[in-house]
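This report refers to the structure that appears directly beneath it.
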4 protein chains.
Amino acid sequence: MVKAPNAPRRRESSRLAVLTATRELCEENGYGRLTIEAIAARAGVSKMTIYRWWPSKGAVVLDLIDEAAAVTADPPDTGDLAADLHTQLSEVINLLTPQPTSPVTGVITEAQYDPDLARALRERLIEPRIAKFKDRLRRAQEQGQLPVDADFDVALDLLFGPIYHRLALHLGMPDPDYLDTLITHVLRALNPPPHRLDGAATA
Amino acid sequence: MVKAPNAPRRRESSRLAVLTATRELCEENGYGRLTIEAIAARAGVSKMTIYRWWPSKGAVVLDLIDEAAAVTADPPDTGDLAADLHTQLSEVINLLTPQPTSPVTGVITEAQYDPDLARALRERLIEPRIAKFKDRLRRAQEQGQLPVDADFDVALDLLFGPIYHRLALHLGMPDPDYLDTLITHVLRALNPPPHRLDGAATA
Amino acid sequence: MVKAPNAPRRRESSRLAVLTATRELCEENGYGRLTIEAIAARAGVSKMTIYRWWPSKGAVVLDLIDEAAAVTADPPDTGDLAADLHTQLSEVINLLTPQPTSPVTGVITEAQYDPDLARALRERLIEPRIAKFKDRLRRAQEQGQLPVDADFDVALDLLFGPIYHRLALHLGMPDPDYLDTLITHVLRALNPPPHRLDGAATA
Amino acid sequence: MVKAPNAPRRRESSRLAVLTATRELCEENGYGRLTIEAIAARAGVSKMTIYRWWPSKGAVVLDLIDEAAAVTADPPDTGDLAADLHTQLSEVINLLTPQPTSPVTGVITEAQYDPDLARALRERLIEPRIAKFKDRLRRAQEQGQLPVDADFDVALDLLFGPIYHRLALHLGMPDPDYLDTLITHVLRALNPPPHRLDGAATA
DNA sequence: AGATAAACGAGACGGTACGTCGGGTCTTAAT
DNA sequence: ATTAAGACCCGACGTACCGTCTCGTTTATCT
């Protein structure tokens, strides 16, 4: 960024044009082929306007993701823990793979070399989802569906890990049935064997 | 690539200089900041020489990974399944993070945009390790340490997933204690409790 | 220019701030490095205000010159023609080079590309001085110090030409001694020798 | 310039294309509107190629002038001093005003802010002409057409000054008749009055 | 041992995109 | 209604790498 632009004088039409152009270009060529130059041209906006409001290409795309992700915001709670986890996992899968090349994975990659972007990514995209995930687990715990000493971090790793596993290796995302299998296994892992249930869980 | 160079006249010293320069630059700036120009300069090699033998930047790094992967020792089998899994997971973690910025980390993350690279990565680096992992599980199964219907793919996902999870989100790799916790959970997930499963745990 | 501002509501403080900033920046970086942006910033004035009142960068500098030119004293007439010419030439030299980099120098050199600026420059700065110069020559002529057919345009060219010559070629201005030499030569050129001209000199 | 390109590997066709494009663009829009971007586009050459071989826009134009000026290289010596001076002055006038806006005046202007360019301009364009001018005067002096103490610097100023005088003030260049008048005056200035010739010139 | 043919270093080249600067126009708020 | 502030579109700047393309010059085989 050049200097503090701090102003409510920002022109909303430019902001929208940039985001729209970015979305289109991402869909057409993928995040990897995206350039500021092209965004500016497509949006009918000067490059300076982009640099004034966004520190990097990744930041523009992050704003884009924000808008898309905001739609599916509210955490589900149907009472059926497995089903709700299935819903949350599906949402992440859809976010990561709307098309063959998702802007989200691009931003994740770029964040590796851009600490500011990485922070924004965590704060705005990742941590809220983790929080909701743990909220749901906590409610299940309160209702006795999970032991009091269930390790939520492990649950997070075990359930979301496979998604990134496949993402990294360029494999297809898990289908719903496999998701169910995963969830079943993980819930079983969180619940110690029944013959020790009383002793272990209440300790 | 320009034309088929097929020749045993290739100069080994140039090959090594390129790989060494690439490794150094990766460690210094990360894979994302790597340029052919810089490799050529550091290696004292002409750009043409690089383009003659490698189709892309990713391919050079892949050769680098090959070297790293070749070091792999034989799969451990001490009789203690949990300990052996721990060893295998640690080896992968060390491969991915010998330094803060590892070429391997970068090439895996970046493989999102290069399907060829991703495939080569799977074939040369990932699948051999998966095979060894499943071998070990199979032996454990034969010795009655795992049920006959244990799902090895799920085991793979649950154990390796967390590593990629952290890789993608640019978090630190799990420490040995946490690895133990993970393995304990996963083994528990693979071993369904002998009875009372429905009522107590997954309901 | 944007639109006719015709208003006596113009704020004098802004006008002065612009002129002062322009003078300072000219002296610091030279006319060629002058930017409207920098003038506005230094003057604490918006760019719009500058564009409203001056059609171009050159016009601002021209106003500056006007101020400098207004200082001009009355034409000297001490009775000594050579001394008076020396005085007039020195005044022009001082106007052009009060500092190493003078706004006037720059605007004259740059006037090549702005006919309007060049015309304004002639009318406001140059021609008044030419008029005074010719006045002085005319008085000398009336007093018999110059022949009745002395060519004043040639005199103008010969006396002022060397100044522009050095200006164009970015050389230092003539010192007083050299000025005397010049004037001596030119007066000699205007006064044809009473006899033997053909035979001795120009043959 | 970026780094030392020192190479006879320079492609002559590119050099010519750049100079040709520069000439055309100068003629079409004038030196002031000339941009490196446009030269590169018109010449079908990358910007880097221009920056590699020329330190600035002015340097390109200077090369252009060099070629044009090299044509009229040899100093005239017909035995008629006045006529030869006329020829030399005309050549300079033509160089400065081939069209309304000459590249030469542009380079002269730019040289004010670019010491390197100014030096190149002096060495390659100005000083050779001054040398030839003084050569001619020296020959005339040896043949007794000028006094032994004739001041060549003054002669230079008086003869070339008027050209720059008019150039600076955006006036038309002197016509041949006026040139003759000027030369006559200057030669007269250089020749002290006949009745003091012996005493003054030999002193 | 000399010839020959490929790989090689060097780096010029046409491109594309970068991130920055300044030009000149336009809008908003405040004085 | 002028002003300060500054966002905005535009065009050019000078730079970094890209991948291609010569140039001689090694260097390693094959006569």
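Every chain is numbered from 1, with letters handed out A, B, ... down the list of sequences.
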Every protein N/O lying under 3.5 Å from an N/O of nucleotides 27-31 of chain E:
{"from": "E:dT27", "atom 1": "O2", "to": "A:R9", "atom 2": "NH2", "distance (Å)": "2.8"}

Could you walk me through whether A:V18 and A:W54 pass side-chain contact (heavy atoms from CB on, under 4.5 Å), step by step? CA-CA 11 Å; A:V18 167; A:W54 290 278; 3.7 Å; yes

Judged by each residue's nearest nucleotide on DNA chain F, which is more toward the 5′ side, C:V45 or B:L34? C:V45

B:R10 CZ to E:dC8 P, straight-line distance once rounded to whole Å: 7 Å

Please check the phosphate of F:dA4 (OP1 and OP2 only) for any side-chain N or O of C:T49 closer than 4.0 Å. yes

Return the 5'-most residue of the pair D:E12, A:R33 with respect to DNA chain E, ranking by each residue's nearest nucleotide. D:E12

Does A:T109 have any side-chain contact (heavy atoms from CB on, under 4.5 Å) partners at least two apart in sequence or in another chain, and if so, which? B:T109, B:E110, B:Q112, B:Y113

To the nearest angstrom, how far is D:I50 atom CD1 from E:dG15 atom P? 12 Å

Identify, with sequence neighbours excluded, every residue that meets salt bridge (charged side-chain N to carboxylate O under 4.0 Å, His left out) alongside D:K47. D:E37

Got a sec, which residues hit side-chain contact (heavy atoms from CB on, under 4.5 Å) with A:A168, two or more places apart in sequence or on another chain? B:I108, B:Y164

Heavy atom of residues 15-24 of chain B under 4.0 Å from DNA chain F: which residues? none

Only counting residues at least two apart or in another chain, list the ones meeting salt bridge (charged side-chain N to carboxylate O under 4.0 Å, His left out) with D:D114. none

Under the side-chain hydrogen bond (donor to acceptor under 3.5 Å, both in side chains) rule, collect the residues that match up with C:S46, sequence neighbours excluded. C:T49

So which atom in D:L121 and which in D:A111 form the shortest heavy-atom distance, rounded to 0.1 Å? CD2-CB, 4.0 Å

How many whole angstroms separate atom CH2 of A:W54 from atom P of E:dG19? 15 Å

Going by the rule salt bridge (charged side-chain N to carboxylate O under 4.0 Å, His left out), which residues pair with D:R42 if we only count those two or more places apart in sequence or in a different chain? D:E24, D:E28

Residues 53-63 of chain B vs salt bridge (charged side-chain N to carboxylate O under 4.0 Å, His left out), sequence neighbours excluded, gives B:D63-B:R124

May I ask you to evaluate whether D:S14 reaches the phosphate of E:dG14, defined as a side-chain N or O under 4.0 Å from OP1 or OP2? yes

Taking only N and O in the side chain of D:W53, is any of them less than 4.0 Å away from OP1 or OP2 of E:dC13? yes

Expressed in angstrom and rounded to an integer, what is the separation of D:L25 atom CG from F:dA12 atom P? 11 Å

Counting only heavy atoms not in D:R10, do more than 12 sit closer than 6.0 Å to its CZ atom? yes

Checking A:R9 now: which residues fulfil salt bridge (charged side-chain N to carboxylate O under 4.0 Å, His left out) with it, not counting sequence neighbours? none

Return the set of residues passing side-chain hydrogen bond (donor to acceptor under 3.5 Å, both in side chains) with A:E12 (not counting sequence neighbours), or none when no residue passes. A:R15

Any idea which of E:dA17, E:dA12, F:dA4 is nearest the D:K47 side chain? E:dA17

Candidates E:dC18, F:dC18, E:dC8 - which lies nearest the side chain of B:Y51: F:dC18

Would you say B:R52 reaches E:dC8's phosphate, i.e. side-chain N/O to OP1/OP2 under 4.0 Å? yes

Specify the residues of residues 35-44 of chain B, ordered by number, for which at least one heavy atom lies under 4.0 angstrom from an atom of DNA chain F. B:T35, B:I36, B:E37

